[in-house]
Colleague: 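One structure, as structure tokens, below. Some questions next.
We use all heavy atoms of the structure for the numbers below, so side chains are in, but hydrogens, waters and symmetry mates are not. Given the structure is predicted, the values throughout are model-derived calculations rather than measurements. Protein chains get the first letters and strands the later ones, always in sequence-line order, with residue 1 at the start of each.
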Protein chains: 2
Amino acid sequence: MKLTDTAHMYNVQQKILVAVDCIIFGFDTQNLKLLLFKRKVDPFKGDWSLIGAFVKGNLSINDAAKQILFETTGLKDIYLDELKTYSDYNRDPGDRVISIAHYSLISINDFDIEKVEEFDAKWFNLDEIPDLVLDHNQMVKDAVNRLRKKVKHQPIGFNLLPEYFTLPKLQRLYESIYQRELDSRNFRKKILSQNILIKTDKKDKSESKKGAFLYCFDKDKFDILKTKGYNFDI
Amino acid sequence: MKLTDTAHMYNVQQKILVAVDCIIFGFDTQNLKLLLFKRKVDPFKGDWSLIGAFVKGNLSINDAAKQILFETTGLKDIYLDELKTYSDYNRDPGDRVISIAHYSLISINDFDIEKVEEFDAKWFNLDEIPDLVLDHNQMVKDAVNRLRKKVKHQPIGFNLLPEYFTLPKLQRLYESIYQRELDSRNFRKKILSQNILIKTDKKDKSESKKGAFLYCFDKDKFDILKTKGYNFDI
DNA sequence: CGGATATACGTAATATTTACGTTATTTTGT
DNA sequence: ACAAAATAACGTAAATATTACGTATATCCG
């Protein structure tokens, strides 16, 4: 029977298990990290895994992803973006399951440590990701690539930092995502020329004797600029 | 019950109808077009719609999309890319259905007219898209936005043209996607500077008395350049 | 053969990116 | 008290890319 045959539509269609898996990125002031979990169900119970769940009830996929993030990190209003669908027929030996992977960016500071421990979770550096269940390593790879492309043209990197941050920290964030060093003088020039940061008169002295001024992202300004055709680029 | 509860995993999970919908782009030498179909099932039977089908059997989502495209256009090896998932609980009054939208780029020339007619399909200009069923208008909007961003940095526009094409045609293609006019002298300079086009000694005289040289995309060259860190940009 | 039309090639001004030099602030050690 | 050390902050020139145009060429048609 062809997919486009119309004889029995809706009545006898095949229903499928739908899951959501979340690639959770964090930044610990030096390196980009990934939050991984010990899988709680068979098959592969106890192995490292992305956090995920089956979609049920009347939640949209996106809402299901949000709920998973809240349940495992205690955070709401997290940056969340759909990555792609993983649907190879045999990707999960437990059953035919398609998974719609999402990635999210969180500020490690805001983070609910207790929740994380309750869920047997651990932060991993990107170059130390262990073998993960199913096709989760591929998901991570795809998510990192997506993040690399996206942070350049969308001001989403700020979600990985606390509300107030220094320019050297912002630079270090981009370096850890791009995996290459940037020239601090040019970085500073480029980011400041976009006029989407608000400079405060406070300094963070945790990284140097001189201290670096704290800035915050000016979302309102960015939204206005965006309507005028401005494109973020760093 | 929480999504992440593990008491009954796999056994009593909720299965969901999964569909694929395809946004099919074409280019008729002047304008970007969309292939739309008359819906063949209730609800909304007879209304304009994207082509789609439920996912069944052991096909991956991507393979299901490919098969739909083959059945409706007679074309194989079409450029196809996942757009995003549409999953509002009430998006389809027929049942709870999530749809994973894909967009594809085809060369109208290669096209099997009989197939299209068999499926009650019609090409529409982008500014003349009728009301579509369900959330299909939103899918189209999202697909157009995605295409606009993607053609700038990936050499995918060539999929909308015949194998051999003139530079003015390529420019017209980009103009119809970006919806703004480009300077032909700068366009030519920029595309040729990337060394991914092969110039032939043949001319197409259908658009002018002088005729314009035919070029084709050098995929092998592009793949080599890509490994060297080159990024397409137009 | 001259005008019309679209194609093809060229150049100067402007803007952006890159590479690197210099100054400033503060702590620490002598 | 002051020099050394470390990071942050500011600046400038060269190289590269983009933009805005001017001009030449091939062909058809009247």
Colleague: Atom CG of residue position A/D77 - does it have more than 12 heavy atoms of other residues, nucleotides or ligands inside 6.0 Å?
Modeller: no

Colleague: Does atom NZ of A/K152 have more than 12 heavy-atom neighbours from other groups under 6.0 Å away?
Modeller: yes

Colleague: B/K190 has an atom NZ; how far is it from atom P of D/dT16, in whole Å?
Modeller: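 That distance rounds to 17 Å.
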
Colleague: Can you tell me how far the CD1 atom of B/I196 sits from the CG atom of B/L225, to the nearest 0.5 Å?
Modeller: 8.0 Å

Colleague: Is a side-chain N or O of A/N125 found less than 3.5 angstrom from the main chain of A/E128, in a donor-acceptor match?
Modeller: no

Colleague: Looking at residues 168-189 of chain B, who's got a heavy atom less than 4.0 Å off DNA chain C?
Modeller: B/P168, B/R185, B/R188, B/K189

Colleague: Quick check with a 6.0 Å cut-off and a 45 degree axis cone: is B/K84 positioned over the face of B/Y86's six-membered ring?
Modeller: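 Relative to the ring axis of B/Y86, which defines the angle, B/K84 lies inside both limits.
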
Colleague: Tell me whether B/E82 contacts the main-chain N or O of B/I100 through its side chain, where contact means a donor paired with an acceptor under 3.5 Å.
Modeller: no

Colleague: When you measure from the centre of the six-membered ring of B/F124, is the NZ or CZ of B/K122 under 6.0 Å away and within 45° of the axis?
Modeller: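 Positive - B/K122 is close enough to the ring of B/F124 and near enough to its axis.
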
Colleague: Between B/Q67 and B/D63, do the side chains contain a donor N or O and an acceptor N or O under 3.5 Å apart?
Modeller: no

Colleague: Based on the rotation axes of five pairs at each end, what angle does the helix from C/dC1-D/dG30 to C/dT30-D/dA1 bend through, to 10°?
Modeller: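 About 10° separates the two local helix axes.
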
Colleague: Could you check whether B/D88 and A/S60, counting side-chain N and O atoms only, form a donor-acceptor pair closer than 3.5 Å?
Modeller: no

Colleague: If you look only at pairs with a residue in residues 209-218 of chain A, which of them pass as a salt bridge (charged side-chain N to carboxylate O under 4.0 Å, His left out), with sequence neighbours excluded?
Modeller: none

Colleague: Are B/F165 and B/F158 an aromatic pair by the rule of ring centers under 6.0 Å?
Modeller: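 Ring centres of B/F158 and B/F165 closer than 6.0 Å.
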
Colleague: How would you give the extent of chain B contacts on DNA chain C, as first and last nucleotide 5' to 3' within a 4.0 Å heavy-atom cut-off?
Modeller: C/dA4 to C/dT11

Colleague: Near DNA chain C, which residues from residues 192-211 of chain B have a heavy atom under 4.0 Å away?
Modeller: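 Within this stretch, B/E207, B/S208, B/K209, B/K210, B/G211 sit under 4.0 Å of the strand.
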
Colleague: Just jot down the side chain to side chain donor-acceptor pair (under 3.5 Å) partners of B/E207, sequence neighbours excluded, or say none.
Modeller: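 Checked B/E207 against side chain to side chain donor-acceptor pair (under 3.5 Å); matches are B/K169.
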
